[in-house]
Amino acid sequence: RKYNVDSGDINYGMHQTMELEIEEPSLSVFENLKNNLPSKNWEIAHLDETKGVLRFKVSHKWQIPDDVVTIQLQPSGVNRTLVKVESNLDYWLRMSDNGNNFRNIQQVRQVLSH
């Protein structure tokens with residue numbers, strides 16, 4: 001922490017985002033993601049059903065630190081949900097991700113498409 005700036009708040013641009021709207025109620029989308037994303041390397045780090053927030057830690061054998069995938073769900077009409085996803089490295093110096101953030105976003109997209 002220097003000059004009132006925490007180095008953990010600096011983002012060097014090494015992240016991926018996705019925003020899309022789907023025809024499904026947010027509670028249903030929340031349950032679908034919660035139940036179908038965790039796999040051997042995805043672990044639920046935080047979830048808040050009332051706020052529509054899911055956060056996962058995604059580990060890779062060859063990479064330290066882990067990735068953090070944050071999903072925000074917002075109702076956007078009758079039986080429609082706006083889904084915002086962000087994936088980034090869980091480390092203040094985010095210089096290289098070897099394409100993992102892109103793959104994390106694609107995995108979320110795949111779960112949403114089924």
Side-chain angles (χ1 to χ4, degrees):
R1 191 161 186 82
K2 189 173 183 179
Y3 303 116
N4 231 9
V5 174
D6 186 347
S7 61
D9 295 332
I10 298 172
N11 188 333
Y12 292 95
M14 193 50 57
H15 68 281
Q16 287 284 325
T17 60
M18 174 182 74
E19 187 172 313
L20 59 94
E21 190 174 41
I22 58 176
E23 290 191 45
E24 198 172 333
S26 57
L27 182 58
S28 174
V29 174
F30 187 92
E31 290 298 318
N32 181 25
L33 292 169
K34 181 179 80 171
N35 295 328
N36 293 309
L37 274 176
S39 65
K40 62 184 176 195
N41 63 329
W42 285 62
E43 175 186 329
I44 296 174
H46 173 78
L47 60 95
D48 187 334
E49 193 173 313
T50 59
K51 292 183 180 179
V53 176
L54 283 154
R55 186 168 297 120
F56 294 89
K57 290 261 188 185
V58 183
S59 59
H60 305 281
K61 289 183 244 180
W62 63 93
Q63 173 187 304
I64 297 175
D66 296 336
D67 300 331
V68 175
V69 178
T70 304
I71 304 169
Q72 175 73 53
L73 305 175
Q74 299 171 337
S76 65
V78 179
N79 292 328
R80 295 185 69 78
T81 303
L82 179 63
V83 181
K84 296 179 181 181
V85 184
E86 181 176 24
S87 178
N88 56 31
L89 289 173
D90 190 19
Y91 184 62
W92 69 273
L93 186 58
R94 302 173 184 105
M95 298 304 274
S96 175
D97 72 348
N98 300 314
N100 290 330
N101 289 317
F102 178 76
R103 284 187 288 278
N104 294 339
I105 295 290
Q106 293 306 314
Q107 200 163 357
V108 173
R109 182 186 297 273
Q110 184 178 12
V111 168
L112 290 172
S113 69
H114 288 106

Can you find a heavy atom in the side chain of [X] that is under 4.5 Å from one in the side chain of [Y]?
X    : Y   : answer
V69  : W42 : yes
R109 : L20 : yes
N100 : V58 : no
L33  : L73 : yes
E86  : N88 : yes

- Message: Going by side chain to side chain contact (heavy atoms under 4.5 Å, CB included), F30 matches just one of V83, T81, L47, I71. Which one?
- Response: L47
Quick check on the hydrophobic clustering: are [X] and [Y] connected, directly or via other members, by side-chain heavy-atom contacts under 4.5 Å?
X   : Y   : answer
L27 : V53 : no
V68 : L89 : no
L82 : M18 : no

Spacing of [X] atom [atom1] and [Y] atom [atom2] [to the nearest 0.5 Å]:
X    : Y    : atom1 : atom2 : value
Q107 : L37  : CD    : CG    : 6.5 Å
I44  : L54  : CD1   : CG    : 6.5 Å
N41  : N104 : CG    : CG    : 8.0 Å

- Where is the tightest heavy-atom contact between K57 and D66, given as atom of each residue plus distance? CD-OD2, 4.2 Å
- Task: List the atom of E24, the atom of S28, and the distance in Å for their closest heavy-atom pair.
- Result: OE2-OG, 2.7 Å
Taking [X] for its side chain and [Y] for its backbone only, find out whether a donor-acceptor pair lies under 3.5 Å.
X   : Y   : result
Q72 : K51 : yes
N79 : E23 : no
S87 : Q16 : no

- Which residues pass the side-chain hydrogen bond (donor to acceptor under 3.5 Å, both in side chains) test with E49, sequence neighbours left out? none
- For N35, which residues count as a side-chain hydrogen bond (donor to acceptor under 3.5 Å, both in side chains) partner, sequence neighbours excluded? none
- Note on the structure: Sequence neighbours excluded, the answer for salt bridge (Lys or Arg N to Asp or Glu O under 4.0 Å) partners of E31 is K34
